[in-house]
Asker: 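Please find one structure pasted underneath; my questions will follow.
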Amino acid sequence: MSQIRNIVILTGAGISAESGIDTFRGGGGLWEQHRVEDVATPEAFARDPNLVLRFYDMRREAIQEKLPNAAHFALAELDAKWQGNLLIVTQNVDDLHERGGARRVLHMHGEHLKAWCTSCDVRSHWRGTLLDRPPCPVCQARTLRPDVVWFGEMPYRMGEIYGALREADLFVSIGTSGAVYPAAGFVQNARELGVQTLELNLERSQGSALFHETRLGPATEVVPAWVAEMIQ
Ligand code: APR
């Protein structure tokens with residue numbers, strides 16, 4: 001790893017699993033308990049806003065009780081010590097990377113703790129309910145929605161992510177099933193750019209064969225072990 005200077009890290013629900021936040025797929029995953037079409041699309045929000053807002057209110061409340069785990073802390077330590085470029089691109093809408101101390105974090109699927117006003121387009125920090133349609137703190141319109149990217153919507157800051165991948169020497173994917181694009185395609189993009197690729201996951205993901213190396217195990221074990229190698 002001595003030639004590595006610039007790193008892009010992609011994280012998914014698996015990194016927060018051991019903090020007690022449900023993953024999306026697999027046994028007991030969130031999408032077994034709720035249908036995506038009912039709660040995570042713009043059409044669902046137009047059809048039944050209260051159902052969607054109640055779902056996100058519950059999720060927003062739940063994540064605030066959770067704590068970062070050893071994998072979040074390890075990435076924060078790497079972020080603090082790494083001299084080259086480093087970008088943690090997370091699909092997660094929780095704030096555990098930030099609470100673990102990481103600074104260079106990009107939320108491509110949005111954030112539970114923000115509300116987006118579709119009238120004035122301002123995103124505000126938000127911890128409470130959206131169900132009762134509170135006014136936007138900026139323009140007072142009652143048009144706040146969760147600042148979460150729904151199925152059928154464009155993930156955030158894709159230009160920055162592809163820019164970081166072009167500069168990268170190493171791409172690391174942590175705790176994601178590789179089921180949802182465009183994030184699932186980053187490993188392919190990285191390979192085409194000649195970037196080294198490493199997967200850290202509990203089990204092989206859908207794109208596992210594309211990685212140069214895969215290390216299997218719980219995030220709280222494999223992530224700190226990898227970070228220790230990087231900063232030794
Ligand atoms: N340590 C490491 N990996 C784990 C752990 C763990 N303790 N527990 C589960 N995993 C792995 C699973 O094996 C699986 O491969 O994490 C992955 C979680 O996959 P998903 O539930 O599909 O989550 P993710 O890949 O983040 O989903 C992507 O789908 O619905 C959307 O928008 C949502 O951002 C999400 C996107």
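Read the numbers this way: they start at 1 and go in the same order the structure lists the ligands and their atoms. What you see is a predicted model; the values in this text were computed from it and never measured.
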Asker: For the pair E77 and K81, find out whether any cationic side-chain nitrogen is under 4.0 Å from an anionic carboxylate oxygen.
Answerer: yes
Asker: Please determine whether side-chain hydrogen bond (donor to acceptor under 3.5 Å, both in side chains) holds for the pair E199 and S173, giving the CA-CA distance in whole Å, both sets of side-chain angles, and the decisive distance to 0.1 Å.
Answerer: CA-CA 5 Å; E199 172 177 53; S173 170; 5.1 Å; no
Asker: Tell me, which protein residue and heavy-atom name are nearest atom 11 (C) of ligand 1, and how many Å apart are they?
Answerer: N201 OD1, 3.3 Å
Asker: Give the residue and atom name of whichever protein heavy atom lies nearest to atom 32 (O) of ligand 1, and the separation in Å to one decimal.
Answerer: H109 ND1, 3.5 Å
Asker: Closer than 4.0 Å to some heavy atom of G175 - which atoms of ligand 1 meet that?
Answerer: 3 (N), 16 (O), 17 (C), 18 (C)
Asker: Looking at R60 and D57, is there a salt bridge between them, counting it only when a charged N and a carboxylate O are closer than 4.0 Å?
Answerer: yes
Asker: How long is the gap from CZ on R127 to NE2 on H112, to the nearest 0.5 Å?
Answerer: 12.5 Å
Asker: Show me which atoms of ligand 1 lie under 4.0 Å from any heavy atom of A17.
Answerer: 8 (N)
Asker: With heavy atoms of P218 as the reference, note each atom of ligand 1 found under 4.0 Å away.
Answerer: 1 (N)
Asker: Nearest protein heavy atom to atom 5 (C) of ligand 1, by residue and atom, and its distance?
Answerer: G14 O, 3.5 Å
Asker: Please state which protein non-hydrogen atom is closest to atom 24 (P) of ligand 1 and give its distance, to 0.1 Å?
Answerer: T176 OG1, 3.8 Å
Asker: Tell me: protein heavy atom nearest atom 13 (O) of ligand 1, and distance?
Answerer: E203 OE2, 2.9 Å
Asker: Drop me the distance from H107's NE2 to L113's CG, to the nearest 0.5 angstrom.
Answerer: 9.0 Å
Asker: Answer with side chain, backbone, both or neither: which part of T23 has a heavy atom less than 4.0 angstrom from an atom of ligand 1?
Answerer: both
Asker: Decide whether an N or O pair under 3.5 Å exists between V180 and ligand 1.
Answerer: no
Asker: Would you mind running through ligand 1 and noting each atom that sits below 4.0 Å from a heavy atom of G12?
Answerer: 26 (O)
Asker: Salt bridge check: are D79 and R104 linked by an N-O gap of less than 4.0 Å?
Answerer: yes
Asker: In residues 178-189, what donor-acceptor pairs under 3.5 Å come from side-chain atoms, sequence neighbours left out?
Answerer:
residue: Q188; atom: NE2; partner: E192; partner atom: OE2; Å: 3.1

Asker: Which protein heavy atom lies closest to atom 1 (N) of ligand 1, and at what distance to 0.1 Å?
Answerer: A219 N, 2.8 Å
Asker: For the pair F151 and W31, name the ring-plane relationship: parallel under 30°, tilted 30 to 60°, perpendicular over 60°.
Answerer: perpendicular
Asker: Can we call the ring centroids of F55 and H34 under 6.0 Å apart?
Answerer: yes
Asker: Atom CD of residue position E61 - does it have more than 12 heavy atoms of other residues, nucleotides or ligands inside 6.0 Å?
Answerer: no
Asker: Closer than 4.0 Å to some heavy atom of E18 - which atoms of ligand 1 meet that?
Answerer: 1 (N), 6 (C), 7 (N)
Asker: How does Q91 reach ligand 1, if at all, at less than 4.0 Å between non-hydrogen atoms: by side chain, backbone, both, or neither?
Answerer: both
Asker: Would you mind telling me which of I7, D169, V8, N6 makes a side-chain contact (heavy atoms from CB on, under 4.5 Å) with N85?
Answerer: N6
Asker: Near F151, which atoms of ligand 1 are under 4.0 Å from a heavy atom of that residue?
Answerer: 30 (O), 31 (C)
Asker: Tell me the contacting part of R25 for ligand 1: side chain, backbone, both, or neither, using a 4.0 Å heavy-atom threshold, strictly below.
Answerer: both
Asker: What's the shortest distance from atom 35 (C) of ligand 1 to any protein heavy atom, and which residue and atom give it?
Answerer: F24 CE1, 3.5 Å
Asker: Should E203 and R215 count as an ion pair when the cut-off is N to O under 4.0 Å?
Answerer: no
Asker: For ligand 1, is there an N or O atom under 3.5 Å from any N or O atom of G178?
Answerer: no
Asker: With a cut-off of 4.0 Å, which atoms of ligand 1 are near a heavy atom of W31?
Answerer: 30 (O), 31 (C)
Asker: Which residue holds the protein heavy atom closest to atom 23 (O) of ligand 1, what is that atom called, and what is the gap in Å?
Answerer: A13 CB, 3.5 Å
